[in-house]
Amino acid sequence: MLPLQTLREDVDRIAEALAKRGLDARPMLDEILELDERRRSLQLQLDNTLAEANRLSKEIGNLFKTGKAAEAQALKDESARLKETSKTLGESLNEAAEALQQALYQVPNTPHESVPAGKDATANQEVHRSGDHPQLGAGALPHWELAKKYDLIDFELGVKITGAGFPVYKGKGARLQRALISYFLDRNTAAGYQEVQVPHLVNEASGYGTGQLPDKEGQMYEVGEDRLYLIPTAEVPVTNLFRDVILDRAELPLKYTAYTPCFRREAGSYGAHVRGLNRLHQFDKVEIVRVEQPEGSYQALDEMVAHVQSLLEALRLPYRILRLCGGDMGFTSALTYDFEVWSAAQERWLEVSSVSNFEAFQANRLKLRYRDALNKTQLAHTLNGSALALPRILAGILEDYQDETGIQIPEVLVPYTGFSRIGGGD
RNA sequence: GGAGGAAUGGCAGAGUGGUCGAUUGCGGCGGUCUUGAAAACCGUUGAGGGUUAAACCUCCGGGGGUUCGAAUCCCUCUUCCUCCGCCA
C-alpha cells in the first residue's frame with residue numbers, strides 16, 4: 001500500500017510511474033484523493049463534536065461537585081444531542097475510511113526509475129548472462145526422466161498421497177535436496193543473514209501485511225476452520241516478524257534467512273511447461289529478507305543480487321538475470337530482478353529466484369517503522385529474494401550435469417551430500 | 001478439553017466512574033558538576049490523526065455496550081499464567 005502522504009504530495013509522479021505497468025492510474029488516484037479529502041473533513045467535524053462533548057462533561061462534573069445538579073440536567077440533554085451527532089459522524093467516517101482503505105489496496109507499487117515500461121515478459125531486460133552453456137549429447141533427458149531413471153523423485157506417489165504437484169523425493173534425490181537447503185542456509189548465514197525458523201501457517205493480518213491479501217487469496221491454500229493460510233513463501237512470516245514494530249536506527253539493517261516449504265495453489269496452470277519440477281504446489285525455498293533505511297535500500301538490493309549470483313556461480317549453473325518490466329513485476333514490488341537457470345534438456349530458462357525491493361509499500365501495511373536521525377518515526381524499506389528456490393535448481397543440476405551414465409554432483413555440494421555422483425560411471 | 005487468574009507507555013508497576021495519556025521506579029535523551037567518566041541533581045522522554053505552528057481528537061490486548069463522563073462497570077473475542085486432564 002502506497003503511503004498516503006506521498007500520494008498526496010506527488011500524484012503526478014506516481015501516475016507517471018504506474019504507467020510503466022500499463023496502468024492508467026489517474027482516475028483511481030483522483031478518487032483516492034477525493035476520499036481522503038472526505039475522510040479528513042468528517043474527521044474534523046467529529047473531532048469538534050467530541051471536543052465540545054468533552055468540555056460539557058467536565059462542566060457537568062463540576063456542577064455536580066458544587067451541588068448544582070439542577071443546572072447539570074440541561075447540559076446532559078445537550079450532551080446527549082452531541083452524542084447522537086458524533087455517532088452519525090463516526091459511522092460516516094468509518095465508511096469513508098474503509099472506502100479509502102479499499103481504494104488504496106487497489107494501487108500497486110510504483111516502479112523504480114530503472115524499470116522498463118512494458119506489459120509482459122517480452123519487455124524484460126536481460127542485464128547479465130553467464131558464460132558457459134553445457135552442450136549435451138544426443139539422448140540427454142529432461143529431469144523428470146532422469147528422476148525416474150535414477151529413482152530420485154516419484155511424482156506418481158505424490159499424486160496418490162496428495163495430488164499432482166506434490167512430489168516424493170527419495171534416496172539421493174532427497175539427500176540432494178537437503179544438501180541444497182543446508183548449503184544455501186550456510187552461505188546466507190556467512191553473508192550475514194540470521195537464520196530463523198518460522199511458522200508455515202499465517203493468519204490473515206500477516207497476509208495483509210506483505211500484500212498476499214486481499215488481492216491474491218486465490219494463490220494461497222486456506223485452512224478455513226481456523227482462518228489460517230499456508231505460506232506461499234517465507235517472505236510472509238519472516239517479514240511479518242516486524243509488523244507493528246518501531247526499530248532503532250542502530251538496529252538496521254536487519255538481515256534474515258529462512259528455509260520453508262512453500263504452498264501455492266497455482267490454479268489454472270497446466271500443460272507441458274509444468275511437467276516434473278517446473279511448477280509445484282509444494283516446494284522448498286530458502287529466502288533472504290532485509291529491512292533497510294530508505295537511503296540504503298537500493299544498495300541492499302544490489303548486494304542481494306550479487307549474493308544470489310554468487311550462489312549460482314558456485315553451483316556452476318548457466319543463468320541469466322532479468323530486470324522485470326513494469327507489467328511483469330509483482331503488485332507490491334518497486335524493482336525486481338529475476339534469476340533464471342538454463343535447462344539444457346528442456347532448452348528453456350527456469351526462474352529460480354526473484355529479488356525485489358518493496359520500498360515502503362509493505363512497511364506501510366506492516367506499520368514497520370524506524371526512528372531516523374531526527375528521532376522521527378519513518379517507514380522502513382523491505383526487500384526479499386529467493387536464495388534459492390529448490391525444485392528448478394534441482395532440475396537444472398540433474399539436466400545440466402548429466403552424462404551417459406549418471407549425474408555429477410556440483411563440487412560445492414559434495415560435502416553436504418556425501419556422494420559426488422548419481423548413477424554409475426565413477 | 002475443564003476450573004481459576006491476568007493483559008496499562010521501551011521495561012517494571014500504580015491506578016475500581018470525573019481534571020488520567022495516565023503516580024512512581026528503571027532505562028533512553030539533554031543539561032549542571034567533572035580534565036574525562038561515574039555518582040548526584042535538574043529537565044525531557046508513547047503512537048496515530050490534525051494544524052504553517054498551535055488548539056483539538058483518538059488510543060490503557062481487540063470488538064461491542066452502560067453513563068453527561070470509562071484504564072476503571074457489563075458482554076464478547078484473543079493472548080498469557082496457574083491447577084487438572086490428554087499428549088509427540
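All figures in this text were calculated on a predicted structure; none of them were measured in a lab. FYI, side chains are in, hydrogens and waters are out, and symmetry mates aren't considered; it's all heavy atoms of this structure. Numbers restart at 1 for each chain; the letters A, B, ... are given by sequence-line order, proteins then strands.
Nucleic acid contact class of L50(A) (heavy atoms, under 4.0 Å, all strands): sugar-phosphate only. Across all strands, R371(A) comes closer than 4.0 Å only to sugar-phosphate atoms, never to a base (heavy-atom distances). Nucleic acid contact class of N54(A) (heavy atoms, under 4.0 Å, all strands): sugar-phosphate only. R81(A) comes within contact range of no nucleotide atom at all, as no heavy-atom separation falls under 4.0 Å. If you check every strand for non-hydrogen atoms under 4.0 Å, S79(A) touches sugar and phosphate atoms only.
Considering only the side chain of R39(A), G49(B) comes nearest among U58(B), C68(B), G49(B). Taking the side chain of K83(A) as heavy atoms from C-beta on, and the options U67(B), U51(B), C56(B), the nearest nucleotide is U67(B).
Rounded to a whole angstrom, the distance from the C1' atom of G18(B) to that of A70(B) is 10 Å. Comparing C74(B) with U16(B), their P atoms sit 14 Å apart, to the nearest whole Å. Taking atom C1' on both G5(B) and C59(B), the two are 26 Å apart, rounded to the nearest angstrom. Between the C1' atoms of G21(B) and A47(B), the separation comes to 11 Å (whole Å). With both ends at atom P, the span from G36(B) to C26(B) equals 25 Å, rounded to whole Å. For the C1' atoms, the distance linking G13(B) with A7(B) amounts to 13 Å, nearest Å. To the nearest whole angstrom, the two P atoms, one in U67(B) and one in C80(B), are 35 Å apart. Going from the C1' atom of C57(B) to that of G4(B) covers 40 Å, rounded to whole Å.
Across the protein-nucleic acid pair, L82(A) atom CG and G69(B) atom P stand 10 Å apart, rounded to whole Å. Between the C1' atom of G18(B) and the CZ atom of R55(A) lies a distance of 16 Å, rounded to the nearest Å. Here A70(B) presents its C1' atom at 15 Å from CD1 of I60(A), a figure rounded to the nearest Å. Spacing between atom CD of E204(A) and atom P of U78(B) amounts to 15 Å, rounded to whole angstrom units. G49(B) atom P lies 11 Å from atom CD of Q43(A), rounded to whole Å. Protein atom CG of L368(A) is 16 Å distant from nucleotide atom P of A47(B), rounded to whole Å. A straight line from CG of L4(A) to P of G48(B) spans 15 Å, rounded to a whole angstrom. Atom-to-atom, CG of N203(A) to P of U78(B) comes out at 13 Å; the value is rounded to the nearest Å.
Classification of E84(A) and R81(A) as a salt-bridged pair fails, no side-chain N sitting under 4.0 Å from a carboxylate O.
Counting only N and O atoms by type, the side chains of S57(A) and N54(A) include no donor and acceptor under 3.5 Å apart. Side-chain contact, K172(A) with T417(A): no donor N or O sits under 3.5 Å from an acceptor N or O. Counting only N and O atoms by type, the side chains of Y256(A) and E195(A) include no donor and acceptor under 3.5 Å apart. T382(A) and Q362(A) share a donor-acceptor pair across their side chains, judged by distance under 3.5 Å alone. Side-chain contact check for S297(A) and N357(A): at least one donor-acceptor pair (N or O, by modelled atom type) lies under 3.5 Å.
Across all strands shown, the partner of G1(B) is C84(B), judged by Watson-Crick or G-U wobble contacts whose two distances both fall under 3.5 Å. When Watson-Crick and G-U wobble pairs are counted only if both distances are under 3.5 Å, G50(B) pairs with no nucleotide at all. Pair assignment for U79(B): A6(B), on the basis of Watson-Crick or G-U wobble contacts that are both within less than 3.5 Å. Base pairing of A71(B) is not made with any nucleotide, judged by Watson-Crick or G-U wobble geometry with both donor-acceptor distances under 3.5 Å. The pairing partner recorded for C33(B) is none, the criterion being a Watson-Crick or G-U wobble arrangement whose two distances lie under 3.5 angstrom. Across all strands shown, G27(B) forms a Watson-Crick or G-U wobble pair, both distances under 3.5 Å, with U45(B). The pairing partner recorded for U66(B) is none, the criterion being a Watson-Crick or G-U wobble arrangement whose two distances lie under 3.5 angstrom.
Residues K76(A) and Q5(A) each lie close to RNA chain B; by heavy-atom proximity, the contact nearer the 5' end of the strand is made by Q5(A). Residue T377(A) is the one, among L46(A) and T377(A), whose nearest nucleotide of RNA chain B lies closer to the 5' end (criterion: closest heavy atom).
For the pair R369(A) and G48(B), the criterion of a side-chain N or O lying under 4.0 Å from OP1 or OP2 is met. In terms of phosphate contacts, R8(A) brings a side-chain nitrogen or oxygen within less than 4.0 Å of OP1 or OP2 of G50(B).
Checked by distance alone, D47(A) brings a side-chain donor or acceptor within 3.5 Å of a matching partner on the base of G49(B).
For E411(A), the CD atom is loosely surrounded, since the number of other residues' heavy atoms within 6.0 Å does not exceed 12. Within 6.0 Å of the CD atom in E295(A), the count of heavy atoms belonging to other residues, nucleotides or ligands exceeds 12.
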